[in-house]
Amino acid sequence: MAGPQSLKPLQLKNNLPVSELAAACDKYPKPEGHVYSYGTAGFRTQSKWLESVVFRVGVIAALRSKRHSSKFIGVMITASHNPEDDNGVKIVDPRGEMLPTDWEPYCTTIANAPDAASFLVALDDLCSKFKIDVSKPCKVIYARDTRPSGLALVAALQLGLKAIGCEAIDEGIRTTPQLHYLTRATNTEGTKDDYGVPSIPGYYEKLANAYKRLIRRRDDTPLVVDCANGVGAIAMKELLEYLPKDFQVTLANTDVFVPGVLNHLCGADFVKTKQELPPSLKGVLKPGHRGCSLDGDADRLMYFYLDPKGGFHMLDGDKIAALIAGYFVDKVKLCGFKEPPRVGVVQTAYANGNSTKYIQKTKGLPLVCVSTGVKHLHHAAEKFGIGIYFEANGHGTVLFSSDTLDTIRNHEPQTPTQDDNTKDLKALVDLINSTVGDAISDMLLVEVILNHLRYDAQAWDSLYTDLPNRLVKVLVRNRDEFQTEDAERRLTHPADLQKFVDSQVAKYPDGRGFIRPSGTEDAVRVYAEAASRFEADQLANYLAGWTYDFGGMDPASRPKEYLR
Ligand code: G16
């Protein structure tokens, strides 16, 4: 162990509180042999490996705050849709966005520093690289999801914050989007960009008031919300106190503190990957009802319904994007702006081929495809006046550029119709949590749009027909051996595997398939779509079989559904 004594020869360029940081670092030694990487969703792995990382993230977040003129930086402890034993930590920037990518390699180096001395050197490099004035005050706001490991990780975070002398606000157990909201609202309070009252009641009031301004007629169709046995259950119960009493909702999977049930056979990821009703909703969701699932930290949303014969139909992030995009393009026209904001959509390679066709060809909207990960989608959506981004997994939101916000604010409607629609648009800006995908805000948005358009779930579903598709998670020796290009639609390595993908895909009508390493799990994801269910499954299973073997796994242990 490197105690403060052994640090004497260290020549640091920045005036960091060396003894405090070194002593605290020694309390959370880095597990030997474990390699961490700041990826798509921050650091994420089994919770037992995370204490040293979360301690260090506390220090990094404080430095980020110093870099940002002492604004609040958010830290969220969650592993979202992953199993309960996993956990993770990510840093949220002052306006609620993800940490910029140029900080990621520094986070990775700091997390992997083997001892206190190298930890301090890595911090010093970060300070020099980003010209951080270490003497400035720093502020961090943090929260965690309902995972049992969260408490110990919060203790590690607190020690990191204390060691660097950081002011901190503990928000307790919150959804990821609530923490993003609080970060932005706290930093913008009393400014011209005021995002809302910086408190959890302020968050609920903002959403609920906007919903009340928008909702037109009473709808008696029940909505069943699967809360994934996660923090979304707490937030949904709290939100209901602010919504009109006739909001017809049944909450399911609300066992927040029962061990082992988080995301288990329920939640948005279960629905998307299994494409079936969570077993716990059998008999609860009836034909004619709408159902939706949140994930473990309530930043993803999936809708679904049963047809009159009881058949299950999923309305995923692509269907949500199509609904929202069509609605917004019409709404903007009805406002009568002299210079209407440009509405555009951002998707990833997972977007269903028919959703892309619908948005581009039927609705005539510009669309871009980017790599998986909110940071990529968010940045691409910022280029539009109104940018709608959704991943097929149900993670997404709508962004309004500052010019668009000015246009809406200063617009002088010439007719009662323009006036009504402008009022709606103003309320929509308040209803949407633009800081990040927010399952609860997105759910209210979908409910408002269905209400305005007088659509039931089936009418919404009929906007376009999904091409049958299948997503398979394949375990490999080392996911870093899989590298991609073209927004993750093609492998550059292993090149021979891409040749195989091309030759297989060409055999299937409407066939499409790609293979990419996950940014959040130690696995490779295989996606395939084709004209029929049988063909999509078959193509996915062929690609999975080859991925397994190219991934250095023993062919004798290849799962039986994978094909070769
Ligand atoms: C995170 C990211 C999402 C991404 C998902 C899966 O979601 O925020 O953008 O789609 O991971 O990523 P991958 O396929 O690379 O594992 P969440 O909900 O887990 O925070």
With side chains defined as the heavy atoms from C-beta onward, is the minimum distance between [X] and [Y] less than 4.5 Å?
X: S371; Y: T348; answer: no
X: V92; Y: E97; answer: no
X: R44; Y: N82; answer: yes

Quiz prompt | All salt bridge (Lys or Arg N to Asp or Glu O under 4.0 Å) counterparts of E447, not counting sequence neighbours | solution = R290
Practice problem: Name all residues meeting the salt bridge (Lys or Arg N to Asp or Glu O under 4.0 Å) criterion together with D124; count only those two or more places apart in sequence or in a different chain, and write none if there are none. | Solution: none
Quiz prompt | side-chain contact (heavy atoms from CB on, under 4.5 Å) against S199, all qualifying residues, sequence neighbours excluded | solution = V197, P201
Please list, chain by chain and in numerical order, all residues satisfying ring-ring contact (aromatic ring centres under 6.0 Å, His included) with [X], sequence neighbours excluded.
X: Y211; value: F247
X: H378; value: Y389
X: Y181; value: Y195, Y203
X: H411; value: F337

Quiz prompt | Minimum heavy-atom distance between R525 and K473, given as atom pair plus value | solution = NH1-CD, 3.8 Å
Can you tell me which residue pairs pass the ring-ring contact (aromatic ring centres under 6.0 Å, His included) test with a partner in [range], sequence neighbours excluded?
range: residues 58-81; answer: none
range: residues 93-149; answer: F55-F119, W103-F130, Y106-F130
range: residues 151-175; answer: none

Practice problem: Only one of D145, T146, I173 passes side-chain contact (heavy atoms from CB on, under 4.5 Å) with V256; say which it is. | Solution: T146
Quiz item: Is the shortest distance from a Lys or Arg side-chain nitrogen in D85 or K48 to a carboxylate oxygen in the other one below 4.0 Å?
Solution: no
Practice problem: Using a strict 4.0 Å threshold on nitrogen-to-oxygen distance, state whether D93 and R64 make a salt bridge. | Solution: yes
Quiz item: So which pairs with a foot in residues 400-413 pass salt bridge (Lys or Arg N to Asp or Glu O under 4.0 Å), sequence neighbours left out?
Solution: D406-R409
Please set out all donor-acceptor pairs under 3.5 angstrom arising from side-chain atoms of residues 390-400, sequence neighbours excluded.
residue : atom : partner : partner atom : Å
E391    : OE2  : G373    : N            : 3.3
N393    : OD1  : H395    : N            : 3.1
T397    : OG1  : N433    : O            : 2.9

